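Remember, it's a predicted structure, so these values are computed and weren't measured experimentally.
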There are 2 protein chains.
Amino acid sequence: MRVERPLLVREAVYDRLKSAIVEGELAPGARMLEVELAGKLGVSRTPVREALVRLAQEGLAELLPGRGARVRVLSPAEVSEVYEVRAALEAEAARLAAQRASEGELEELARLEAALHRIPKTDLAEQTRADTRFHAALVAASGNRELERLFHQLDAKLALARRYSSDENQSPKTLAEHRAILEAILAGDPDRAAAAARAHIERFKALVARRLKEAS
Amino acid sequence: MRVERPLLVREAVYDRLKSAIVEGELAPGARMLEVELAGKLGVSRTPVREALVRLAQEGLAELLPGRGARVRVLSPAEVSEVYEVRAALEAEAARLAAQRASEGELEELARLEAALHRIPKTDLAEQTRADTRFHAALVAASGNRELERLFHQLDAKLALARRYSSDENQSPKTLAEHRAILEAILAGDPDRAAAAARAHIERFKALVARRLKEAS
DNA sequence: GGGCTGTATACTGCATACAGAATGCGCGTC
DNA sequence: GACGCGCATTCTGTATGCAGTATACAGCCC
């Protein structure tokens, strides 16, 4: 028999703020006033501060000493660096998945890949969600929790630049690359899986870098 | 003209606690009582709590809801996972360093590698410090700050298991591997540099895994 | 003696208080 | 009209207060 444990307020605040940042509800650069957030969420400043400290440690917020917190602003160079690390991590995840993924994980991955083809070309938000699910499943299939943790950290950070990539999630090239990654993993070919994953992310890196350059 | 800004208390507390954990002054599993730490450091509980939140987010501390904080205990499986990710990251760092490191960075790396050979076989602490400096310089030479950040995060975590690896930092094999990494980078050979770095870390992974197994 | 129960104590989680720094604005000066 | 200065206001950073839960221990029952 179990009773519902009241979640910690600081956890709830953290979750809420993190999703607000990742979903773009709070734009990069936006100030996050402690009293304001505390008021909106119906809590005191204490748990808000603790959530902000976590977000800063994670790289989603910036704490300017004496001058408050704001949503992290990533420079184009920083975005490229994050993509670069993500490429290496995801290549490793694909390599490990090709070596060790369980039957269930492989089925799930195949299912999610197939789902990518059935999303309306117009529904950008759903495309992003489906893409996220596929990549998350890929990394989970690596069986390495630390790798998974770092991946999600990078993924959240890249959400800060998502508007430069979201329309590419459904392109024929992207779909073909997803399939290539999946097939290499199903075939149990670690090197090919790693190369395919790396190439996929590197292409996004270049794409987003180009768009950020144009935007400036 | 610059004046000394008083550091934030929470930063000082964070630095102090982090080094206490990394240096082994606070052993894995040790309880960290807020009032006790606050008393020792001469501050209130507030900055201590904020430091603990950061350490937990970083994976160096565990916050048990309602039951306080303790120094993170890594299971043998977790240690292996961290090594596995570190191998991938450091391989990537070596690859990038071989491609892009500046003259100054290469000189520094060569200098630190040479220094590894001149440390008394008995001074384990200095061996560990010199090894840390070499690897840090390698990762810095990648030119990727995000990669560097994640590397240091993993390195701090592995400090929790350092006693299983520190005596290997000076072995002939280790020295030969360091030299192989350096030479590949100096030769501008990304693939060879990556492979050498990966092999080096993977060997430590296996070594530490074996010792953890024996210890249990 | 072992185990349960009640109570005292310790510690956390959140709220609030307070001091000091940063920001913005109006006024005066040139 | 532009600039600088000073004050009011806002907000952060740290300390402290308070309620509630976890832990430990003593006493009691069997």
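- For residues 204-216 of chain B, the salt bridge (Lys or Arg N to Asp or Glu O under 4.0 Å) pairs, not counting sequence neighbours, are B/Glu84-B/Lys205, B/Asp167-B/Arg211, B/Glu202-B/Lys205.
- Atom CG in B/Leu64 sits about 9 Å away from atom P in C/dG13, given to the nearest Å.
- A/Arg10 pairs by the salt bridge (Lys or Arg N to Asp or Glu O under 4.0 Å) definition with A/Glu50, not counting sequence neighbours.
- Looking only at side-chain heavy atoms (C-beta outward), B/Ser19 and B/Tyr14 stay at 4.5 Å or farther from each other.
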Fill in: Candidate pair B/His152 and B/His135, rule ring-ring contact (aromatic ring centres under 6.0 Å, His included), full reasoning
CA-CA 10 Å; B/His152 284 292; B/His135 285 278; over 10 Å; no
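- The side-chain contact (heavy atoms from CB on, under 4.5 Å) check on B/Ala94 picks up B/Leu138, B/Ile185, B/Ala193, B/Ala197, with sequence neighbours excluded.
- The salt bridge (Lys or Arg N to Asp or Glu O under 4.0 Å) test applied to A/Arg145 returns A/Glu148, not counting sequence neighbours.
- The CG-P distance, from A/Leu63 to C/dA22, rounds to 16 Å in whole Å.
- If you find the closest nucleotide of DNA chain C to A/Gly66 and to A/Val9, the one lying nearer the 5' end belongs to A/Val9.
- A search for ring pair (Phe, Tyr, Trp, His ring centres under 6.0 Å) contacts involving A/Tyr164 returns nothing, not counting sequence neighbours.
- Partners of A/Glu146 by salt bridge (Lys or Arg N to Asp or Glu O under 4.0 Å), not counting sequence neighbours, listed by chain and number: A/Arg149, B/Lys157.
- Between B/Leu8 atom CG and C/dA21 atom C1' there is a gap of 12 Å when expressed in whole angstrom units.
- Nucleotides of DNA chain D that come within less than 4.0 Å of any heavy atom of chain B span, from the 5' end to the 3' end, D/dG13 to D/dT23.
- Position along DNA chain C of the nearest nucleotide to A/Leu7 versus A/Arg67 favours A/Leu7 as the more 5'-ward residue.
- Residues satisfying the side-chain contact (heavy atoms from CB on, under 4.5 Å) criterion with A/Arg133, sequence neighbours excluded, are A/Leu112, A/Glu126, A/Arg129, A/Ala130.
- Under the salt bridge (Lys or Arg N to Asp or Glu O under 4.0 Å) criterion, A/Glu107 pairs with no residue at all, not counting sequence neighbours.
- At a non-hydrogen distance threshold of 4.0 Å, A/Met32, A/Leu33, A/Glu34 from residues 25-44 of chain A come into contact with DNA chain D.
- Less than 4.0 Å separates DNA chain D from at least one heavy atom of each of the following residues of residues 45-57 of chain B: B/Arg45, B/Thr46, B/Pro47.
- Note on residues 59-71 of chain A: no pairs pass side-chain hydrogen bond (donor to acceptor under 3.5 Å, both in side chains), not counting sequence neighbours.
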